[in-house]
Amino acid sequence: MDKNLKKEGRRDFLKKSTALAALTIATPAIIKAGENDERIAALFEKIPLNLEVNGVVHSLSVEPRVTLLDLLREQLHLTGTKKGCDYGQCGACTVHVDGKRINSCLTLAVMNEGKKITTIEGLADGDNLHPMQNAFIKQDGFQCGYCTPGQIMSGIACINEGHANSREEVQEYMSGNICRCGAYPNIVDAVMQVKKEGSNHD
Amino acid sequence: MDKIIEQTDIDRVDGIQKVTGTAKYSAEYDFPGMVYGVLATSNITKGIINAIDTKAAENAPGVLAVITHLNCPELPGYKSTPEQDKLVPTKKGYKVFADNIIRFNGQPIAIVVADTFERATHAASLIKANYTKEKHNTDFDEAIKSGTPLEGNNFKEYVRGEANAWINAPVKIEAEYTMPIEVHLPMEIHGITVVWDGEDKVTLYEKTQSLSGTQRNIVRTFGLKEENVRIITQFIGGAFGSAFNTWPHSMAALIAGRKVGKPIKLMLTRNQMFNLVGYRPEAKQKLGLGASADGKLMGITHEAIAMTASYNEFTEGIVNGSRSLYECPNVNTTYKVFPLDLSQPTWMRGPGETTGAFALESAMDELAYALKMDPIEFRLKNYAETDLERKKPYSSKYLKECYELGAEKINWKERNPEPRSMKEGDWLIGYGTGSGIFSAWRGAAKAVAKLLPDGTMILQSGVTDMGPGTATAMTNLAAETMGLSHTKISFEMGDTNLPPGPMQGGSGTTSTLGTAVFAACENMKKKLAAMIKDNAVFHTEIVHEVKVEDLVFENGYMMLKTDKTKKISYAEVIKSAGLSELEISEDSKGNPMLNHSAFSYAVHFVKVKVHSKTGVIKIDRAVSAVDAGKIINNKTAESQIIGAVVGGIGMSLMEEGVIDHRYGRWVNNNFADYHVAVNADVPNIEVLFVDKPDPVLNPIGAKGMGEVGIVGFAAAVTNAIFHATGKRIREIPVTADKLI
Ligand code: FES
Ligand code: FES
């Protein structure tokens, strides 16, 4: 760790190290590995970050250990993106980064320098809902609504990726988004509706 | 009674909020100076905390407070009376930070408060405790072998006719069925935001299915005045029973928030969701069933054993369905519960009945095969026309219709009853059925309806909605009853400042609250009619004074039945009376159902495919026919049943809580290892409603449906697997390894 730090500089190290994701949940073992509390503390110093969220450019200063999900929810107050596990296992936190769907709990905010993020809050155009949002309402593609933002972001991407050619294919490519209320058949209906209408857009 | 209201299915009234991300769940409120609470938890299962080192945590950057049992303030609700001291441990409960006793692995030992989530999380990891360990037992089998079951009224044997009569029947089966711990795991992790205003007044944004229950618990624990405890629950991201209790983490956040004097937010981790907010207890059940050669049931014996925590006596009606689902003169049931060193279980969707129905409905299938009878025919032969347990007629029962509708839909008659006889390529095909029963009831609730001069209406009640669509159903009901477009109605809920509503759960919300809303609307109509009785608009040669019976209420207008051109809008009535609003408050009482028994029913039909070489199981079709009384909103009702069935798919094929008994710790407490049904696991689910009103339970005719949709489903799956493969699996979940 020390060697890397010297060679690449703190900033680069932070951007590359996936191990740092684990620092968010900071196990004592990792802390000990640093053997130097101050150095570890320095790793948690805020660093600048510029990114665009739903068309708004943000110049921020964030701790490297902050996930994109927590940045959105706790610092930008965009709570439409949900935390369902924080381990990349449920899809509730799905957002689009440069047009691709990702689990925002699995990426550190600082890894998204200069990127364009779209969240559920950025889909509608004023009062005009995105076709996928309309389809979810029409098909009753949710109950409690907690997985819904992630499902909708995933549904849009699923079509854009070309993975919505049949119900079976949609089911497969939407299986990373858990819905404990069990709205699955209606979620598939919603994605198929948008696909059929040809109304999908980013 | 028929056609009290016309059927229309409006879209969810909160749909736009949910699809745009503006719906706010409990951990999504922001206040200036917000701080974060994170729990540190025990890594032993049973014992005593000797010492706890919080220094490193306290000195970590951004940390404002660390609270443990050593510095937890004395709370009025934490003092126990001498009588309480005498109680057995399972009646005593557990209060967070009240003492140094560890009762289960992962029990909170401290809460760390810091200015950011990351800082609080890091600091919590720095807390070190020194324990004296005691020998623990988390193993259910071990407890059954060498432990002592709980005693008391909840565990009395039930006998009708002769006990164990099945043994002497000409055709009989006896079998044991087991199911593991199952966890609710709503997608919204339990979270809470607490805002204290001084030491004596607090507002909570809490994930709760019962606002008034939560309010009561906090009033009692903190010794506060009821009017000083406000609970707000605008949205709940699923719960399925996990949000009735006021859990330790909520109390911890309250304690910490008061100490630091800042708004505080706490969200559990997904791992903590497995042992801090309840689960469905593990159970073993033995069924003895006997029938005459022509298929009349002669005896049912149902013995259930389940588990609970060492500090909490949790019981549920596992054996209840066996007493009343079929007509059988001789029934006896026993129910035993063993305490374990685990966190406490709680109600989970279809509590008790779901566990019991898995065993009963599997045993019914086994006996049908032993009798060489069709499983549906066998059930119809033993159809209960009255409730033999309570000796009462049913308020309504359309179970027969459920069998018929479902069998027709799945094409049951094409099924070759011979096991392992139907194939599609490498796949073995099987059809199975299972029925479910769940109590229907109506409690007390209050609803307020306000008609405004612009012709819009506001409904209010302090209920919450975890997903079934309570606001939608109530809006739908009010629209139909009032003759007003649903777009003119808004439903305000989720706040203890509103008139007290019912809890959400037990499949009683629609029945209970619907009664109050219906009554408020009916009274509103009477009031409106009284206000216009002399109005010249309605006068004809014969009519000089209109009565409510003379009027129809449509599209926001009162019209004369005999001449609809004579009309006046509600808005005009309110305006011309110079009122700012017309308010009707309706206190609706519960229905004790003295002369009837009320139940909802479901019959599930499943077609499975089992791969003959790998044992992979796929649910190919699922058809559920449901008698839930009158359906208020088809769309949300159908979704509820679909959701329950999806839960049933998980229960029968994948969900299994695993604990390493050597350490008493959870092994699979995350979504990667504890599998729930995902999209690709779920076929198109066909839902059929009998949709006939119950004439007794309440004036709207609705029974309940959230629970019954899962009751009996697991048996439908295992019965279908037996039909497909000839293998009777009595242990759920049925995974491929059990079939090869
Ligand atoms: S919260 Fe990111 S995948 Fe679950
Ligand atoms: S709608 Fe509740 S989890 Fe999907």
Side-chain angles (χ1 to χ4, degrees), chain A residues 23-28 31 41 44 63 65-66 70 73-74 77-87 89-90 92 119-121 123-124 129 133-134 136-138 140 142-149 152 167-168 170-172 174-188, chain B residues 11-12 14-25 28 30 36 61 116-119 121-122 125-126 184-189 235-240 267 269-270 465-469 635-636 638-640 642-647 670-672 676-685:
Chain A
L23 281 179
T24 314
I25 49 163
T27 65
I31 298 304
F44 298 154
E63 288 183 6
R65 61 180 161 176
V66 175
D70 287 327
R73 282 173 67 84
E74 305 303 335
H77 305 298
L78 293 169
T79 53
T81 305
K82 304 303 183 195
K83 185 183 278 190
C85 68
D86 223 6
Y87 315 130
Q89 298 170 343
C90 78
T119 72
I120 191 75
E121 290 94 342
L123 285 184
L129 297 184
Q133 293 173 312
N134 273 323
F136 266 71
I137 295 178
K138 181 100 198 23
D140 211 34
F142 51 86
Q143 294 176 41
C144 77
Y146 197 80
C147 73
T148 314
I152 290 174
R167 288 190 73 88
E168 291 67 35
V170 170
Q171 283 189 276
E172 208 55 47
M174 290 296 287
S175 277
N177 290 82
I178 299 177
C179 174
R180 190 59 163 157
C181 295
Y184 299 126
N186 297 358
I187 290 168
V188 179
Chain B
D11 289 336
R12 278 176 201 264
D14 49 11
I16 291 180
Q17 286 161 286
K18 286 178 177 171
V19 301
T20 53
T22 50
K24 285 233 177 287
Y25 300 82
E28 297 179 345
D30 183 43
Y36 293 79
T116 71
F117 168 66
E118 291 77 15
R119 287 172 150 186
T121 303
H122 172 59
S125 75
L126 303 176
H184 307 69
L185 302 180
M187 289 316 296
E188 181 203 10
I189 298 174
F235 287 93
I236 301 177
F240 320 108
M267 207 172 181
T269 63
R270 179 52 69 183
D465 181 8
M466 59 179 160
K635 211 170 182 174
T636 53
E638 194 179 298
S639 284
Q640 271 232 76
I642 291 174
V645 165
V646 171
N670 61 73
F671 278 131
V676 300
V678 299
N679 208 321
D681 297 316
V682 174
N684 199 24
I685 294 163

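What you see is a predicted model; the values in this text were computed from it and never measured. In what follows, chains carry the letters A, B, and so on, assigned in the order in which the sequence lines appear, proteins first and then strands, with residues in each chain numbered from 1. As a basis for the values below, the full set of heavy atoms in this structure was taken, side chains included, without hydrogen atoms, waters or symmetry mates.
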Within the distance-only criterion (no hydrogens, no angle test), does the side chain of A/E63 pair as donor or acceptor with the backbone N or O of B/E118 below 3.5 angstrom?
no
Count the heavy-atom pairs under 4.5 Å between each of B/T636, B/D11, B/D30 and chain A, then report the option with the highest count.
B/D30
Given side chain to side chain contact (heavy atoms under 4.5 Å, CB included), test B/T20 with A/Q133 step by step and report yes or no.
CA-CA 7 Å; B/T20 53; A/Q133 293 173 312; 3.9 Å; yes
Would you mind checking which part of B/D465 comes under 4.5 Å of any heavy atom in chain A, side chain (CB onward), backbone (N, CA, C, O), both or neither?
neither
Non-hydrogen atoms of chain B under 4.5 Å away: do they reach the side chain of A/L78, the backbone, both or neither?
neither
Between A/L123 and chain B, which part of the residue has a heavy atom less than 4.5 Å away: side chain, backbone, both or neither?
neither
Take A/C179 and B/M187 through the test side chain to side chain contact (heavy atoms under 4.5 Å, CB included) and record every step on the way to the result.
CA-CA 7 Å; A/C179 174; B/M187 289 316 296; 5.6 Å; no
At a 4.5 Å cut-off on heavy atoms, which part of A/I152 comes close to chain B: side chain, backbone, both, or neither?
side chain
With a 3.5 Å distance limit and no angle check, can you tell me whether A/Q143 reaches the backbone of B/P468 through a side-chain donor-acceptor pair?
no
Is the backbone of B/G238 close enough, under 3.5 Å, to the side chain of A/R180 for a donor and an acceptor to pair up by distance?
no
Donor on one side chain, acceptor on other, A/D140 and B/S639, under 3.5 Å:
yes
Could you tell me whether the side chain of A/T148 and the main chain of B/K18 form a donor-acceptor pair under 3.5 Å?
no
So, are A/K83 and B/E188 salt-bridged, with charged N and O less than 4.0 Å apart?
no
